[in-house]
Each structure stands twice: as C-alpha cells, then as structure tokens.
Amino acid sequence: MSSERRRPYPFDQIEPKWQAIWDERQLFHAPNPGEKGFDSQKPKFFVLDMFPYPSGAGLHVGHPEGYTATDIIARYKRLRGFNVLHPMGWDAFGLPAEQYAIKTGQHPAITTRENVAKFKDQLKRIGFSYDWQREINTTDPTYYKWTQWIFLQIYNSWFNPETNRAEPISTYRGPDPDSVRLAYVADVAVNWCQELGTVLANEEVVDGKSEVGGFPVVRRPMRQWMLRITAYAERLLNELDHLDWPEGIKLHQRNWIGRSEGAEIDFKVASSRCVPTIRVFTTRPDTLYGGTFLVLAPEHSLVDLIVTEEQWPVVREYRERAALKSELERVDLSKEKTGVFTGAFAINPATNAKIPIWIADYVLLGYGTGAIGGVPAHDQRDLEFAKKFDLPIVVVVQPIGNEPAMGFTGEGIAVSSPIINGLTSAEAKKKITAWLEERGLGKRAINYKLRDWLFSRQRYWGEPFPIVWQAGKHRALNEQQLPLVPPLLDDYKPIGTGEPPLARAREWIRYSDEAVRETNTMPQWAGSCWYYLRFCDPHNDQRFVGEEAEHYWMGGNKPGGVDLYVGGTEHAVLHLLYARFWQKVLFDLGYVSKPEPFQRLVNQGIILGEDNQKMSKSRGNIVNPDDVIDQHGADAFRCYEMFMGPLEQMKPWSTRGVEGVARFLARVWRLLMTESQAGEWELSAKIKDVDATRPQQKLLHATIKKVTDDIESFSFNTAISQMMIFVNAFTSVEIIPLSTIRAFLILLNPFAPHISSELWEKLSRRFAELAEDITEQSWPAYDERLLVEDEVEIVVQINGKLRDRIKMPMAATEEELKTAALARPNIQERIAGKTVRNVIVVPKKLINIVV
RNA sequence: GCCGAUGUGGCGGAAUGGUAGACGCAACGGACUUAAAAUCCGUUGGGCCGUAAAGGGCCCGUGCCGGUUCGAGUCCGGCCAUCGGCACCA
C-alpha cells in the first residue's frame with residue numbers, strides 16, 4: 001500500500017509554490033509614504049491582529065481563527081484598491097521563557113528566538129498575507145529602546161487637572177514634582193507570590209492564586225512603580241463612546257473603570273483635637289440621616305490617632321490579622337462581617353448624633369476615602385455589620401412600592417430626614433449635598449473603581465527601567481542611554497526576598513559611584529501598549545514612529561487609528577485599557593495624531609474541541625493546524641475556520657466539517673481542471689471565452705453581491721455557502737464562460753488564496769490576455785439589474801398560514817396579485833362560506849388573506 | 001448575588017417582522033466499479049392521512065409562559081437552562 005494518500009487536488013504542491021512566490025515578490029509589502037512604490041492615491045486600511053506570545057507549544061487552531069478573518073479582510077481590501085497595512089509580530093517578553101531559563105539556564109532570548117521561528121513557520125504555512133518586512137519583536141533592543149523611551153515620557157509628565165491632559169513635568173508649579181508624575185514610586189500593598197518570587201497585578205491573581213501556576217498569593221507592602229492611569233479615568237470612560245467596539249466590551253471597560261457619583265462628607269470626631277474630621281465617600285448622601293456609625297479600613301491612617309487607650313489591644317490585633325489575610329480570605333463573601341470598635345465617636349452632621357467609629361476589613365483602603373458612613377437600613381453590608389454588632393438601624397428611605405423599607409437599597413422617598421423629607425432619592429441627593437456644601441461639611445464627588453497600574457515586576461525577562469537611584473531618589477536616564485539592555489546572568493531565579501533577579505548583576509547595577517540602577521522590570525503589557533504604532537514604521541531608529549508614517553497609517557476622520565483590530569475577549573479590559581492609556585499620554589504630549597488606538601474591534605470566539613470542551617492538553621482534544629494542513633491543505637483549513645459559524649461565536653471543531661470544506665475546494669479544482677490518462681491535471685476544455693447565459697449571469701451577480709456584503713459584515717460562513725451554491729450549479733454545466741469563472745476566482749481569493757492563484761495562472765496560460773497575477777485584479781462589481789427576476793413566486797397565506805404559491809410577473813400590481821390569489825381553486829375552497837375581512841399584499845413576497 | 005452572551009433538525013449553522021431549517025456534516029438509497037475508496041445523482045424536522053402507483057393532503061414544530069401584529073425564530077414582558085465575566089467598590 002502506498003503511504004501517499006491520494007489527494008483530491010495537489011494542494012501539497014501549489015500551496016508551498018505560491019507562498020514562495022509571495023515571499024520572493026514581496027507582494028504584500030506595503031510601502032510607507034515617501035518610499036518606492038507608494039501610491040498616495042489609494043486610501044489606507046490598517047488591519048491588525050492581537051500579536052501572540054510565541055509559546056513553546058506552537059500555534060493552536062484558536063490563533064488562526066482571528067488571523068484568517070483579518071487576512072480575508074486584508075486581501076479583500078487590497079483587491080478593492082486600498083493600501084493595506086497588515087503586519088505581524090511577537091509579544092515575546094513573559095514568564096514561560098523565563099521559567100524555562102530558571103530550569104535549564106538557557107537564556108530566554110534563545111528560547112524566544114526558537115519559538116518565534118516555529119510560530120512564523122506555522123503562520124506562513126497558512127498563507128497569511130502579512131507584510132513580513134514589518135515584523136517586530138518586543139524583546140528586540142531596537143524595539144524596547146522605544147518602550148523605555150515611552151516610559152520616560154510618562155515619567156517626565158504629569159496630569160494637569162485644569163487642562164485635563166498630560167503635560168511635561170516642567171509645567172508643574174508645585175513643590176514636589178515626584179508626587180504628581182504619571183510614573184511614580186509608592187509603597188503599596190501588593191500581591192506577593194512567594195512561589196514565583198514576584199508581585200502580581202490584580203488581574204494576574206485569580207481566586208487568591210497566581211494566574212500562572214496557581215500558587216498562593218498574599219498581600220504585602222513593597223516599593224513599586226505605578227502608572228497614574230486613574231488620572232485618565234474620565235477620558236478613558238467618555239471616549240469609549242465613539243469607538244466601533246462590541247457593546248459588551250465597552251460595558252466591561254465602563255464597569256472596570258467604575259465611575260460612581262456621590263458626595264464626600266466630613267464627620268467631626270468627637271473629643272479629639274488632633275483629628276478634626278474623617279472624610280467618607282457615599283453614593284447615597286440622601287441616606288445621611290440613617291448613618292449610625294462610621295467604619296474605617298483597618299489600614300486607614302487616622303486609626304492610629306483616634307483609637308482610645310483601652311481599645312488599642314483589640315485594634316492592634318485586628319489590624320495584624322487583617323494584614324495577614326490573603327485577598328481571597330478578605331474578599332470571601334460567605335464569611336461573616338468582622339470588625340472592632342475604636343473607642344472613638346464622630347458626629348453625624350445631619351442629626352448631630354454621636355456615632356461610634358469602627359474598623360472593619362469590608363471597608364477597603366483603596367476605594368473612595370477608605371472610610372464609610374454606615375447606613376444599615378439601606379445598605380446590605382452595613383446591615384449585616386450592624387446586626388452582628390448590635391448597632392442602631394434607622395430607616396430613612398421609603399420604597400415607592402410595597403417592599404419593606406428595612407434593607408431597601410433602591411431609590412424611594414426620604415423620610416425621617418428633616419431637610420429632605422418627602423423628596424425622591426435623586427432630589428434628596430442634590431439638596432443634601434448643596435446643604436453640606438453651604439456649611440463646608442462636604443461636597444459633590446466622583447469616584448472610580450479603577451486603580452493605578454502596578455507597573456513593576458521582579459523578573460528578568462522584561463524591559464529594564466531606564467531609572468537610577470541616588471541618595472534615595474530616582475531619576476531618569478537620558479534618551480541617548482537607551483536601549484538599556486539587561487545583563488547576562490548565570491542564574492535567573494528570583495532572590496526570594498522580593499529583590500528582582502537583576503539584583504544579582506552587581507556590575508550592571510552600579511551606575512556610578514553614587515548611583516545604582518533600578519532592578520525591577522516592566523510587565524508584559526508594556527510592549528503591547530504601543531506595538532500598533534511601531535508597525536507603522538518598524539525600522540525607524542530616530543523616533544518610535546515617524547511622523548509621516550503615523551499620520552498616514554493612523555489617519556482618518558475617526559478617533560481611533562487602527563481600522564480593524566481582531567482578537568479574543570480575554571483582553572477586554574487590561575490590554576485594551578492600557579494601550580488606550582498610553583495612546584492618550586502620547587497624544588497629549590503631541591507625539592501621535594489620534595486620541596484612541598483602535599477604531600473598530602472585533603472579538604473572535606473560542607474554538608472548542610471536538611467533544612465540545614475547551615481545548616486542553618489534559619483533555620487530549622487539541623487540534624494542531626499543521627496536521628489539518630498536511631491532510632487537507634491550508635486553503636481548506638482557512639475556509640473551514642470561517643465556515644464553522646459566526647466569527648464572534650464559540651464553536652466546536654469538527655474533523656468531518658473540514659473534510660466537507662476540502663471537498664468544496666476539490667470541486668472548484670475539478671470545475672476548471674480535468675485529469676488526463678497520464679494522471680496529469682490540465683485545464684478543462686469546458687472553459688470557453690463565451691458570454692454567460694442569463695441564469696449564469698444572475699447567479700454570478702448574486703454571488704458577487706452576497707460575498708461582498710458578507711465580507712463587509714464579517715459573515716464569512718455565509719459567504720462560503722454562497723460560493724458553494726455557485727460551484728454546485730456550475731458542476732453540471734457544459735460550457736463555463738471564462739469571464740464568469742474569472743470573477744468567481746477573485747471572490748474566492750481572499751478565502752482560499754493558493755488554489756485561486758493557481759487556477760488563475762492556469763487560465764492565464766490558456767487565455768493570454770490574463771497575464772497579471774490574481775492579486776493585481778480588482779474586486780468584481782455586481783449589476784443590480786441582473787439580479788432582478790422577471791417572475792416571482794408569491795406565497796399565499798390564509799390567516800398567516802401558508803396555503804398556496806403562485807408565479808406572478810415582477811411588475812404585477814397589488815390588485816392583480818389579490819385577484820390572482822383569490823381566484824386559485826385551492827384558496828376558493830378554503831374561503832368558501834367565509835367573509836374575507838382583509839387582504840394584505842406584500843409586493844414580490846406574499847398575500848395574506850384574513851377571514 | 002450582579003452584569004453579559006447564548007438557546008432553531010441527529011450535528012455545525014441559515015433566515016431586512018413575510019415560504020423556518022440555506023450551505024455543510026452525518027445517515028439512507030442509487031449510478032460508476034470485479035470490489036472498495038473517491039466521485040456523481042437523489043432522499044432526509046416530527047407525527048398522521050391518502051393512493052394500484054405517483055403526484056398529493058393535514059397537524060405540530062425555533063428553551064417555557066404570556067403579549068403586540070393580518071403575520072413572530074425575529075419585537076415586548078415574565079420565567080427556565082447553559083456558558084462566560086465581575087464579585088464587600090460604599
């Protein structure tokens with residue numbers, strides 16, 4: 001038996017052939033303005049994939065789903081006469097390469113290089129039309145030089161609340177510029193993971209365990225670099241409105257930013273001279289009369305000053321316990337509320353009542369003012385707390401329905417609140433806030449859930465900070481000292497004390513006799529925050545992106561520069577929020593022309609295994625693209641990925657499904673090719689340079705319309721269906737008109753570029769006037785007039801139920817349709833003896849007789 | 001708990017408020033073949049009726065219950081289920 005399985009068409013030969021041709025001719029290279037071959041007459045289209053982390057495992061079938069969609073768009077837009085920027089690169093800093101280095105001592109750069117080569121190879125096999133001249137790698141010093149440079153711009157600026165934008169730090173007039181920089185150092189309670197020897201961002205902690213490895217994570221105060229993303233909260237929120245993103249993702253970002261409007265209210269501390277007031281934030285100032293206690297976060301700085309002598313021991317003990325708790329334990333909802341009394345009292349500014357001040361860990365230091373006014377009657381948490389510790393509960397909001405007022409958290413009517421009695425919650429909020437403002441007791445305030453971005457990592461394989469320390473103060477390197485390259489190490493392990501691995505490089509650290517280098521590195525997000533900009537001008541060594549290139553590729557009249565960005569929902573908040581933040585800083589400082597990076601965002605759904613389960617090694621249901629391509633070819637792989645269903649939807653892989661799509665491509669092949677006695681494929685004699693028949697024209701134009709519309713709306717599955725219908729119809733035809741099949745091949749090209757290129761070439765050998773490559777053609781147009789039918793089938797319904805069909809001329813009037821329908825014997829019979837009450841006529845569609 | 005998405009044949013999925021199930025898979029039947037594979041042609045939501053045979057006819061059907069409408073998979077209200085995300089944010 002031959003080990004060579006007979007192939008339905010020779011994809012194994014034509015696919016490598018065309019990939020080599022594309023490479024050689026650099027067909028998909030997009031020249032920049034000013035470069036040779038640049039055509040300024042064409043509009044631009046920037047279509048971007050979320051670039052991958054090149055892991056050792058190689059590509060899985062999920063990656064190429066989005067990549068195929070963007071490749072179809074890219075090829076389609078080129079055929080429609082756009083200058084298309086369609087690049088690919090590597091987000092190559094990251095933990096796996098570093099952990100491999102720790103295990104084997106092999107430098108992560110080597111691992112990275114190998115993995116990148118493997119990924120690139122796999123991508124090339126699928127036939128993507130990337131402009132490989134623009135390939136970038138975040139771990140390349142010529143790339144991260146500019147990541148470090150952007151960090152310096154952030155470090156050297158501050159957010160001016162008056163202008164509502166970032167400005168150079170030199171415009172800051174205050175005493176301590178370090179306190180307002182967009183990049184700053186703070187002692188913060190961080191998520192420390194002993195096992196990984198590093199701190200983690202909140203987003204990297206899942207259920208109190210590290211996202212990578214699942215190791216325990218505890219809170220611990222450490223000196224860290226932070227980026228002041230909170231300064232941009234309002235703009236990050238508002239400027240979402242004009243982006244063409246899925247509503248779900250926008251909502252996700254809005255929730256993450258978490259704007260809430262309310263008031264800050266100052267409570268006088270009774271009998272304390274050193275602490276005049278405690279400020280709390282509330283979204284419900286209208287419930288102030290119901291405030292029967294205050295709660296501070298255990299770490300709140302005023303706690304030390306207000307605790308009474310006799311309460312000190314319990315307070316100290318409670319705080320110690322709270323500090324030891326992991327985030328998981330602290331946030332565990334099922335547990336009961338805890339807290340201790342400080343011994344101190346405050347005065348409720350509305351009631352003038354003396355109310356006790358407690359500390360409890362359900363109040364978070366990082367949100368609002370780290371202190372709350374307890375209104376147990378109208379807040380679930382406060383109610384639990386009050387019940388547990390027997391604190392008074394006062395109802396001050398009356399629900400409008402007949403719900404119980406106790407524990408009612410909705411909006412109602414204010415009661416037992418002299419100043420605002422009888423007002424709705426909304427009115428009451430306004431009035432009480434104004435009342436507080438008049439007396440200097442509080443003011444309107446807005447709070448965000450969004451926290452500043454913890455930007456340092458105790459790792460080796462990341463961008464080193466271009467910062468040195470001298471006499472306890474940090475300062476920036478100057479631009480000429482970039483890139484700052486990390487030193488070679490013998491041992492990549494974290495030191496375990498929280499000191500990063502770079503601390504092992506004694507020589508490297510020593511910057512001068514007095515100054516030492518920062519040893520933290522940047523998180524993996526850093527490189528992906530601006531890579532889309534670098535793609536515009538990847539080889540520029542004077543600037544992170546050339547002005548002209550940035551203006552051209554990021555241009556257009558929308559706020560976002562990238563015309564289409566495709567990737568998974570896992571980046572709904574983090575990457576997409578961070579990139580927007582950097583873009584805005586660069587925009588404010590005048591380095592880029594757009595306030596937003598990505599105008600249109602599309603999320604591809606995940607591909608499940610054949611068993612309808614998430615693909616994973618342990619389930620053994622992973623599908624490797626290489627195997628699929630070996631068996632059925634890259635074109636079949638691409639088309640199947642798109643044929644499975646709507647792009648955004650989650651859907652399971654099916655081996656049978658791939659076979660079906662492969663059969664379709666084989667039918668396309670045999671439509672044009674016949675196999676000779678000798679087993680050679682040659683162009684079919686059925687193809688003739690003749691005019692298409694009327695029905696053939698109709699089908700072709702219907703197909704052009706459907707495929708065009710479906711590509712525009714990302715409905716690739718139905719575009720393929722239509723092409724199948726076309727091919728099915730033409731398989732039984734004796735003579736295939738040349739012009740018809742040419743147009744079809746162009747439609748197919750974005751989906752199945754190899755087979756369509758090959759067949760196009762075969763046609764051009766026979767018919768000399770088709771000398772050019774298929775990629776140089778233009779997208780076919782359709783003629784609406786050809787789609788119009790002369791006769792249509794009209795559905796006849798009685799009371800909305802299908803009862804008959806009649807053929808009628810297109811031009812039939814409503815009257816004619818009505819008469820024809822009522823004349824049908826079938827219909828006559830059914831309406832006999834009944835009164836026709838109404839006849840609804842939808843021209844060209846149906847007639848509904850109501851009896 | 002809150003937020004979001006999704007529920008259509010044996011399966012993946014199609015359907016501007018107007019013929020539910022396009023296209024593909026699977027299954028079945030046929031052609032070709034010594035045979036198989038491949039290929040080509042046909043049938044295929046469920047139930048029932050009818051006829052010598054064929055064409056045919058009727059009822060039900062898009063998670064469930066209501067509503068709007070001449071007409072609802074599609075719009076509205078209320079449930080249920082599955083999958084994601086967030087989770088003491090005052």
Side-chain angles (χ1 to χ4, degrees), chain A residues 5-8 207 246-249 251-252 254-256 258-260 262 280-284 287 295 297 330-335 337 360-364 366-375 378-382 384-385 409 447-451 569-570 572-573 603 605-606 608 610 612 614 639-640 643-646 648-661 663-664 666-667 670 706 715 717-725 727-728 731-732 793-805 826 837-842 844-851:
Chain A
R5 201 174 145 278
R6 216 187 94 65
R7 303 183 194 286
D207 289 340
E247 276 310 311
I249 301 289
L251 189 66
H252 211 145
R254 289 191 185 108
N255 291 343
W256 191 265
R259 181 182 195 274
S260 27
V280 307
F281 174 72
T282 176
T283 54
R284 294 298 299 272
T287 62
V295 188
R330 242 185 110 150
V331 153
D332 187 1
L333 267 177
S334 58
K335 75 163 204 293
K337 293 273 179 290
D361 63 7
Y362 81 91
V363 176
L364 308 173
Y367 184 78
T369 59
I372 62 155
V375 185
H378 306 292
D379 183 286
Q380 191 55 39
R381 298 149 301 183
D382 296 343
E384 283 170 31
F385 192 75
T409 56
N447 250 297
Y448 297 94
K449 276 204 279 196
L450 185 69
R451 309 295 162 85
T569 34
E570 65 272 23
V573 275
N603 293 120
I606 50 174
L608 304 171
E610 209 137 9
N612 250 298
K614 221 172 189 165
C639 289
Y640 178 64
F643 187 64
M644 289 169 80
E648 298 88 343
Q649 198 169 297
M650 184 192 293
K651 45 209 177 281
W653 187 264
S654 155
T655 303
R656 298 286 197 181
V658 191
E659 287 165 10
V661 171
R663 272 201 283 271
F664 158 66
R667 276 208 302 280
R670 288 195 311 269
K706 179 91 178 128
S715 308
N717 52 334
T718 48
I720 294 171
S721 295
Q722 182 62 35
M723 290 191 281
M724 287 173 168
I725 291 169
V727 171
N728 290 347
T731 35
S732 52
E793 194 180 62
I794 306 287
V795 170
V796 184
Q797 296 180 335
I798 294 174
N799 291 339
K801 295 207 177 196
L802 173 69
R803 292 304 178 207
D804 203 358
R805 300 147 205 262
N826 184 358
R837 280 198 284 226
N838 195 3
V839 180
I840 285 124
V841 180
V842 183
K844 297 169 203 175
K845 277 266 159 92
L846 63 69
I847 298 152
N848 189 13
I849 300 160
V850 187
V851 293

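In the text below, chain A, chain B and the rest are named by the order of the sequence lines, each starting its count at 1.
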Roughly how far apart, to the nearest Å, are [N] and [M] at atom [atom1]?
| N | M | atom1 | answer |
| --- | --- | --- | --- |
| B:C25 | B:A20 | P | 25 Å |
| B:C41 | B:U6 | C1' | 38 Å |
| B:A36 | B:A27 | P | 16 Å |
| B:G56 | B:U43 | P | 12 Å |
| B:C75 | B:U16 | C1' | 14 Å |
| B:G61 | B:G47 | C1' | 10 Å |
| B:C64 | B:A72 | C1' | 16 Å |
| B:A14 | B:A22 | P | 13 Å |

Please work out if [X] contacts a base, only the sugar-phosphate, or nothing of the nucleic acid, heavy-atom cut-off 4.0 Å.
| X | value |
| --- | --- |
| A:Gly368 | nothing |
| A:Arg254 | nothing |
| A:Thr569 | nothing |
| A:Glu247 | nothing |
| A:Ser654 | nothing |
| A:Asn447 | nothing |
| A:Ile725 | sugar-phosphate |
| A:Asn717 | sugar-phosphate |
| A:Arg663 | sugar-phosphate |

Would you say the side chain of [Y] lies within less than 4.5 Å of the side chain of [X], judging by non-hydrogen atoms?
| X | Y | result |
| --- | --- | --- |
| A:Leu450 | A:Trp256 | yes |
| A:Ile798 | A:Val851 | yes |
| A:Gln797 | A:Ile849 | no |

In whole angstrom, give the distance that lies between atom [atom1] of [X] and atom [atom2] of [N].
| X | N | atom1 | atom2 | value |
| --- | --- | --- | --- | --- |
| A:Lys449 | B:A87 | NZ | P | 8 Å |
| A:Arg805 | B:U19 | CZ | P | 10 Å |
| A:Ile798 | B:C59 | CD1 | P | 11 Å |
| A:Glu610 | B:C25 | CD | P | 15 Å |
| A:Met724 | B:C23 | CE | C1' | 6 Å |
| A:Trp256 | B:C3 | CH2 | P | 18 Å |
| A:Leu364 | B:A87 | CG | P | 11 Å |

(request) Take A:Lys706 and A:Arg803, find for each the nucleotide of RNA chain B with the closest heavy atom, and name the residue whose nucleotide sits nearer the 5' end. (result)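 It is A:Lys706 whose nearest nucleotide is closer to the 5' end.
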
(message) Heavy-atom nearest nucleotide on RNA chain B for A:Gly373 versus A:Val661: which residue maps closer to 5'?
(response)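 Final value for this comparison: A:Val661.
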
(request) Just compare B:G71, B:C3, B:A90 and give me whichever is closest to any side-chain atom of A:Asn255. (result)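 It is B:C3.
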
(request) Side chain of A:Asp361 only, please: which of B:A90, B:C88, B:A14 is the nearest? (result)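 Among B:A90, B:C88, B:A14, the one nearest the side chain of A:Asp361 is B:C88.
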
If you compare all heavy atoms of [X] against all heavy atoms of [Y], which two are closest, and at what distance to 0.1 Å?
| X | Y | result |
| --- | --- | --- |
| A:Gly370 | A:Val363 | O-CG1, 3.5 Å |
| A:Thr283 | A:Ser260 | CG2-CB, 3.7 Å |
| A:Phe643 | A:Ser721 | CE1-OG, 3.6 Å |
| A:His378 | A:Thr409 | O-CG2, 3.4 Å |

(request) Apply side-chain contact (heavy atoms from CB on, under 4.5 Å) to the pair A:Tyr640 and A:Trp653, showing each step before the final yes or no. (result) CA-CA 9 Å; A:Tyr640 178 64; A:Trp653 187 264; 3.6 Å; yes

(request) Decide, for B:G67, between syn and anti: a glycosidic angle within 90° of 0 counts as syn, anything else as anti. (result)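 Anti, since the glycosidic angle lies more than 90° from 0.
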
Strand partner of [N], provided both Watson-Crick or wobble distances fall under 3.5 Å:
| N | value |
| --- | --- |
| B:G55 | none |
| B:A31 | B:U39 |
| B:G61 | none |
| B:C2 | B:G85 |

With the criterion being N/O to N/O and under 3.5 Å, what pairs connect the protein with nucleotides 4-12 of chain B, and how long is each?
from, atom 1, to, atom 2, distance (Å)
B:G12, O2', A:Met644, O, 2.7

(message) Once side-chain contact (heavy atoms from CB on, under 4.5 Å) is applied, do any residues pair with A:Asn728, and if so which ones, sequence neighbours excluded?
(response)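 By the side-chain contact (heavy atoms from CB on, under 4.5 Å) rule, A:Asn728 matches A:Arg667.
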
(request) Examine A:Lys337 relative to A:Phe385 and say whether NZ or CZ is less than 6.0 Å from the centre of the six-membered ring and inside a 45° cone about the ring axis. (result)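 So A:Lys337 doesn't make the cation-pi contact.
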
(message) Would you say A:Arg656 places a side-chain N or O within less than 4.0 Å of OP1 or OP2 belonging to B:A26?
(response)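 Looking at the OP1 and OP2 atoms of B:A26, one of them is under 4.0 Å from a side-chain N or O of A:Arg656.
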
